Amino acid sequence: MLEKPDFMKKQVLFLFPSQGDKLSFKNDNAVISDKEGLIKYQVTCYRLFALYIVGDMTITTGIVRRAQKFGFVICLMTPGLKLYSTIGNRMEGNTHLHRKQYSCNKSDELSQWIVANKIVNQKTALQTIRKKTDSCIEAISKLGEYTEKIKRDLPDTESLLGIEGSASRIYFPCIMDGIDWKGRKPRIKAVWVNSLMDIGYSVLFNFIDSLLQVYGFDTYCGVYHREFYMRKSLVCDLMEPIRPVIDMRIRKAINLKEISDEDFKVYNHQWQLDYKKSPKSAGIFMEAILEKKEDIFLYIQRYYRNFMKDREMEDENMFLINK
Amino acid sequence: MIIVSYDISDNKKRSRFAKYLSRFGHRIQYSVFEIDHSSRILNNIKQDIENRFKKTFGQEDSVYILELSTACKITKYGNAENKDKDLIILG
């Protein structure tokens with residue numbers, strides 16, 4: 001199983017291939033070559049954690065075999081950065097873990113821990129804002145009250161959904177203050193900022209999914225998010241506390257004019273990222289995630305270990321954005 | 001970290017040695033392996049090479065084991081530069 005020192009040396013590779021590009025291997029290196037066969041890039045498979053291919057390119061069975069051997073995942077994405085397939089799942093057959101997941105009777109406790117962690121990080125994200133409005137100061141206080149409420153009342157999943165929703169309703173207007181944003185509407189890309197958030201959360205989702213696969217979790221079996229057909233509920237659960245990392249990065253990117261509405265185009269009333277701007281956006285989000293690489297790894301590792309040993313999830317097991 | 005660089009004439013001996021090294025590290029060039037582990041494991045590997053392989057190396061062979069510390073300076077060119085980046089975006 002992957003340990004922290006090895007994980008810290010791992011790399012993430014985003015490929016935005018041109019016409020005729022090919023991904024193969026040579027001497028245990030992943031090789032990207034152009035249509036003439038000239039090597040554009042080479043990187044050792046040993047160091048790869050995830051390889052994202054955005055768009056279309058040719059890949060060989062040799063590189064797929066090496067993905068299995070070296071334990072990296074190949075994620076296939078549309079030009080709009082939407083994941084549609086992965087190759088090279090890491091650990092299959094952790095049946096002991098799967099049995100524990102399917103028979104888990106601690107969903108309420110785990111859900112409380114997840115939502116409390118998320119709200120703690122939302123509060124921290126607001127605290128990083130330099131010029132706080134009165135509503136922001138009030139929101140910070142209110143978010144603190146919500147975490148206390150969770151620890152005090154130990155609400156069930158239905159009540160937690162209400163608390164989470166209330167927290168988000170006061171959090172988002174503050175974190176997106178000063179930005180052309182009219183409310184969080186997931187997957188409805190009526191506003192470019194929402195489209196950008198979808199992309200950021202998608203990049204985060206794929207990263208957390210890859211990490212959970214290291215341990216062999218059944219990522220479709222969650223504890224907080226209800227199980228829907230083909231929805232990776234566990235990934236949705238464990239990425240919740242990390243979402244504020246993406247929110248903060250979006251705020252910074254817009255304020256520094258790294259990204260704007262000019263990077264998007266409108267198709268059928270939906271704002272879609274211009275393909276030429278995909279590398280920049282993917283890079284912005286992945287850099288933000290990798291800055292917290294060590295903490296994210298330890299957070300997932302501690303979740304796995306505590307889950308396997310039926311231990312309580314305490315505050316020190318939380319992922320904190322200001323650690 | 002240790003770097004093991006070898007030039008072994010016998011094909012069978014060479015691939016056996018390479019297979020052994022690939023259990024602990026990875027190939028950075030055709031006959032050069034990088035092994036990055038704790039000092040305890042590195043000492044075990046060096047002792048293992050001494051016990052199992054040293055007697056099989058002859059005058060037609062050449063093996064170097066370079067022990068690097070954090071104070072050592074390594075300069076990289078070409079695709080070797082790619083190893084030190086957390087995130088690579090190509091396109």
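This structure is a prediction, so every number in the text was calculated from the model and none was measured. Below, read A as the first sequence line, B as the second, and so on, with proteins coming before strands; counting in each chain starts at 1.
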- Quick one: of B/Ile28, B/Ile89, B/Ile88, B/Asn79, who has the most non-hydrogen atom pairs under 4.5 Å with chain A?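 The residue among B/Ile28, B/Ile89, B/Ile88, B/Asn79 with the greatest pair count is B/Ile88.
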
- Query: Hey, is A/Lys277 close enough to A/Glu258 for a salt bridge, meaning N to O under 4.0 Å?
  - Reply: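 Result for this pair is no, no salt bridge flagged.
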
Toward chain B, the part of [X] with a non-hydrogen atom under 4.5 Å:
X	answer
A/Lys10	backbone
A/Thr44	side chain
A/Ile39	neither
A/Lys280	neither

- Message: Against the six-membered ring of A/Phe285, is A/Arg249 placed for a cation-pi contact (under 6.0 Å from the centre, within 45° of the normal)?
- Response: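 No cation-pi geometry.
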
- Parallel, tilted or perpendicular: which describes the rings of B/Tyr20 and B/Phe24, with under 30° parallel and over 60° perpendicular?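 B/Tyr20 and B/Phe24: perpendicular rings.
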
- Report the relative orientation of the aromatic rings in A/Tyr215 and A/Phe297; use parallel for angles under 30°, tilted for 30 to 60°, perpendicular for over 60°.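 Taking A/Phe297 first and then A/Tyr215, their aromatic rings sit tilted (interplane angle of 30° to 60°).
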
- Message: At a heavy-atom distance under 4.5 Å, which candidate from A/Val12, A/Asp6, A/Asp21 has the highest pair count against chain B?
- Response: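 Looking at each of A/Val12, A/Asp6, A/Asp21 in turn, A/Val12 comes out on top.
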
- Message: Which atoms of B/Glu34 are under 4.5 Å from chain A, going by heavy atoms: the side chain, the backbone, both sets, or neither?
- Response: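 Looking at B/Glu34, just its side chain touches chain A.
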
- Is it true that a side-chain atom of B/Thr56 and a backbone atom of B/Phe53 form a donor plus acceptor pair closer than 3.5 Å?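 At least one qualifying donor-acceptor pair exists.
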
- When the aromatic ring centroids of A/Phe207 and A/Phe49 are compared, is their separation below 6.0 Å?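 Distance test on ring centres: under 6.0 Å, yes.
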
